[in-house]
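The first residue of the sequence shown is numbered 1, and numbering continues consecutively from there.
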Amino acid sequence: MQTGMHTDTERCVRAVRSKDARFDGWFFTAVLTTGIYCRPSCPAVPPKPGNMTFHPSAAACQQAGFRACKRCRPDTSPGSPEWNVRADLTARAMRLIADGVVDREGVPGLAARLGYSTRQVERQLLAELGAGPLALARAQRAQTARLLIETTPLPMADIAFAAGFASIRTFNDTVREVYALSPSELRTRVPKARPAGTTAVATTAAGTLLLRLPFRAPLNPDNLFGHLAATAVPGVEEWREGAYRRTLRLPYGHGIVALTPTPDHIACRLTLGDPRDLTVAISRCRRLLDLDADPVAVDDQLRADPLLAPLVDKAPGRRVPRTVDEAEFAVRAVLGQQVSTAAARTHAARLVAAHGEPVDDPEGGLTHLFPSTGALAAVDPETLAMPRTRRTTFTTLVAHLADGSVNLGVECDWAETRARLLALPGFGPWTADVIAMRALGDPDAFLPTDLGIRRAAGGLGLPSTPAALTARASAWRPWRAYAVQYLWATDSHPINFLPV
């Protein structure tokens with residue numbers, strides 16, 4: 001079992017005393033004398049060490065009877081980096097809970113996806129996080145409810161439904177218990193002072209919200225948004241007026257999101273067909289932009305290599321651009337084998353126009369959802385303008401994705417999934433590893449055969465042959481996917497689709 005930072009009392013006290021925002025989301029401080037819990041960077045005067053206890057999650061604080069601080073809003077802090085860099089049972093469960101699985105399928109559904117019994121999952125989460133899956137999902141519902149209460153004119157009954165509560169009574173009781181205020185009292189407080197955390201405001205368009213997505217500084221938006229804009233598939237994605245826009249396939253419907261970088265948050269304009277998809281949409285946008293990363297830990301590790309240090313110092317805080325749809329990215333990786341970025345976009349755009357589900361974009365520009373795996377599995381291979389061997393790779397992949405024999409979901413085991421991908425025809429290390437890095441979220445995925453990486457390595461004086469570069473990169477673990485971002489940044493192309 002992993003040991004979280006919350007068990008290191010001395011380190012936690014130092015973080016609280018220094019109001020260090022880098023540790024927001026890593027742990028939560030419960031104050032015995034006031035009965036509230038806070039994020040480490042809470043602006044209030046720090047309590048005495050003897051009056052502080054530390055917990056690994058907001059849900060654990062709530063389970064212990066503490067209420068959220070009205071000043072620092074601990075429920076709006078960035079998520080713990082642990083859940084995106086670990087591949088064990090707890091991390092996989094937390095990724096699924098963030099994706100709304102407990103609300104949609106219950107704890108038995110969560111356990112089934114993880115391949116464990118309900119009892120095993122509950123025991124593991126309780127031991128490590130101080131709260132079981134129901135409590136963790138409840139805390140997430142409470143946060144969604146607060147977001148909607150404070151920032152939209154929706155009726156309370158609609159908010160309860162959208163946040164995933166089974167009844168108005170449960171909604172009222174939970175909000176009062178967690179925030180020490182009734183839903184109506186939360187709403188009346190908003191005009192006095194809008195908090196600085198994750199916020200939203202109602203817009204004139206029905207179903208549209210403006211939100212702020214927090215992150216740990218530093219964040220360098222160039223590689224994130226530059227990469228997404230350069231590889232955008234027409235109809236599904238676009239760069240418009242300083243924002244990356246794309247369509248979203250969600251559990252209850254579809255959505256359209258616009259993401260704009262600002263110095264202290266990512267501005268998110270989200271339009272949903274069904275408000276129940278709000279939590280999932282936010283989770284997937286955060287995952288797309290790698291917003292829960294710990295850039296200080298990453299950069300400190302990479303900076304220890306004297307040949308990488310200048311790249312890190314020049315533009316610290318690079319993130320790994322990921323995806324909102326793992327299957328979509330895997331298909332696009334195959335379409336991009338041994339072709340240019342422009343050619344890969346063209347191939348994908350043809351599939352979208354022919355097999356994607358049309359959507360209505362009030363702003364124009366976005367026309368379709370990326371085709372589902374079921375729709376792609378029905379595509380006639382002879383209609384694909386690509387070499388026969390790559391057609392076989394494409395059809396084999398989508399068939400395995402459609403029947404579930406290859407699972408790229410947030411709950412998958414990274415090593416096992418990579419091995420299954422490598423067993424498919426036409427899948428070499430580059431394709432498997434770029435999927436591991438971008439779709440699975442493995443922070444240690446590495447691409448030593450990528451031509452851009454090899455060029456960058458040679459230019460810096462690093463070994464440029466795959467074997468020698470892999471040996472040198474062992475010192476960068478477990479953050480080699482971030483090293484890839486720094487190395488790619490030295491090349492004129494945002495991504496290279498040549499190796500297989």
Side-chain angles (χ1 to χ4, degrees), residues 1-86 88-91 93-95 97-98 121-140 142-143 146 174 177-180 195-198 214-217 291-298 300:
M1 185 181 71
Q2 300 277 338
T3 300
M5 181 179 173
H6 69 286
T7 62
D8 188 340
T9 301
E10 184 177 344
R11 189 181 180 197
C12 289
V13 169
R14 287 200 304 269
V16 171
R17 284 178 167 172
S18 62
K19 304 184 188 299
D20 196 333
R22 293 177 302 168
F23 295 106
D24 287 353
W26 273 104
F27 69 92
F28 296 83
T29 305
V31 185
L32 299 175
T33 50
T34 62
I36 65 170
Y37 69 94
C38 304
R39 61 170 79 194
S41 64
C42 182
V45 177
K48 296 178 180 178
N51 292 329
M52 290 188 278
T53 60
F54 304 105
H55 299 265
S57 65
C61 295
Q62 294 167 20
Q63 284 282 92
F66 294 92
R67 292 170 173 168
C69 175
K70 297 183 179 69
R71 188 168 181 183
C72 72
R73 294 171 55 93
D75 53 323
T76 64
S77 59
S80 172
E82 290 189 88
W83 316 135
N84 286 338
V85 302
R86 286 167 44 183
D88 56 19
L89 171 61
T90 300
M94 289 299 289
R95 290 196 287 270
I97 292 170
V121 173
E122 289 177 336
R123 184 170 59 240
Q124 182 72 17
L125 292 179
L126 188 61
E128 186 169 348
L129 296 173
L134 286 176
L136 291 161
R138 175 180 179 266
Q140 184 167 273
Q143 180 181 349
R146 181 173 186 167
T174 299
E177 181 180 340
V178 173
Y179 300 114
T198 301
F215 55 76
R216 293 178 183 82
L291 296 185
D292 290 328
D294 184 351
V296 174
V298 172
D300 283 352

Phe28 CZ to Cys69 SG distance, which is reported to the nearest 0.5 Å: 12.0 Å
Heavy-atom pair with the smallest gap, counting every atom of Ala131 and Leu136: O-CD1, 3.8 Å
Separation between CD of Gln124 and CG of Leu89, rounded to the nearest 0.5 Å: 5.0 Å
Backbone of Pro46 reached by a side-chain donor or acceptor of Arg17 within 3.5 Å: no
Residues Thr29, Cys42; criterion side chain to side chain contact (heavy atoms under 4.5 Å, CB included); working and verdict: CA-CA 9 Å; Thr29 305; Cys42 182; over 6 Å; no
For Phe54 against Val16, the heavy-atom pair lying closest together: CE2-CG2, 4.1 Å
Separation of Tyr179 OH from Thr174 OG1 (nearest 0.5 Å): 10.0 Å
Atom of Ala44, atom of Lys19 and distance for their closest heavy-atom approach: O-NZ, 2.6 Å
Under 3.5 Å donor-acceptor, Asp75 side chain and Ala58 backbone: no
Residue pair Arg71 / Pro43, side-chain heavy-atom distance below 4.5 Å: yes
Trace of the side chain to side chain contact (heavy atoms under 4.5 Å, CB included) decision for Thr34 with Phe66: CA-CA 9 Å; Thr34 62; Phe66 294 92; over 6 Å; no
Arg14 CZ to Asp8 CG distance, which is reported to the nearest 0.5 Å: 7.0 Å
Residue pair Gly50 / Leu32: nearest heavy atoms and the distance that separates them: O-CD1, 3.9 Å
Under 3.5 Å: donor-acceptor pair, side chain of Arg138, backbone of Ala59: no
Shortest non-hydrogen contact between Met52 and Pro47, atoms and distance: CG-CG, 3.3 Å
Main-chain N/O of Ile97 paired with Gln140 side-chain donor or acceptor, under 3.5 Å: yes
NE2 on His55 to CG on Leu129, rounded to 0.5 Å: 12.5 Å
Rounded distance [0.5 Å steps], CZ in Phe23 versus CZ in Arg216: 10.0 Å
Side chain to side chain contact (heavy atoms under 4.5 Å, CB included) between Val298 and Asp294, worked out: CA-CA 6 Å; Val298 172; Asp294 184 351; 5.5 Å; no
Evaluation steps, side chain to side chain contact (heavy atoms under 4.5 Å, CB included), between Arg73 and Arg146: CA-CA 10 Å; Arg73 294 171 55 93; Arg146 181 173 186 167; 3.0 Å; yes
